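Written below as structure tokens is the structure these notes are about.
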Amino acid sequence: MPTRNDPVGARLLAIWHRYQGLPGGAMLFNLAIRHMIPYTGALGCRVEELKPGYARVTLRERRAIRNHLRSIHAVALT
């Protein structure tokens with residue numbers, strides 16, 4: 001079980017593994033992420049897979065993730 005002194009990534013990975021064993025676990029994890037990092041909720045991003053050193057995240061194509069040059073906004077990519 002992670003403690004408060006663990007790096008944030010280790011805590012997120014532990015939460016990911018805990019939720020994966022539950023029905024609707026991926027959805028619950030994404031709701032938790034949206035609560036912890038509010039801008040992700042505005043973007044509508046979804047964590048699909050999470051491993052040490054690897055994350056697969058999807059964004060739905062829409063105007064809100066684009067900047068004035070019509071490319072994906074840098075903050076949306078981070």
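Throughout, residue positions are numbered sequentially from 1 according to the sequence presented. It should be emphasised that the depicted structure is a prediction, and the values quoted were computed from it without experimental measurement. All values below come from the heavy atoms of this structure, side chains included, with hydrogens, waters and symmetry mates left out.
Here the CG-CH2 distance, from L28 to W16, works out to 11.5 Å after rounding to the nearest 0.5 Å. A distance of 10.0 Å separates CZ of R46 from CG of L59, quoted to the nearest 0.5 Å.
Side-chain contact between E48 and V57 is absent, with no heavy atoms from C-beta onward closer than 4.5 Å.
Closest non-hydrogen pair, N30 versus C45, comes out as OD1-O, 4.3 Å. In terms of heavy-atom proximity, E49 sits nearest to K51 at OE2-CE, 2.8 Å. Residue L12 comes nearest to F29 through the heavy atom pair O-CE1, 3.7 Å, listed as atom of the first residue, atom of the second, then distance.
Hydrophobic clustering, with ILVMFWY side chains joined whenever heavy atoms are under 4.5 angstrom apart, groups V47 together with L22.
For R60, the CZ atom sits in a loose shell: 12 or fewer heavy atoms of surrounding residues, nucleotides or ligands are nearer than 6.0 Å.
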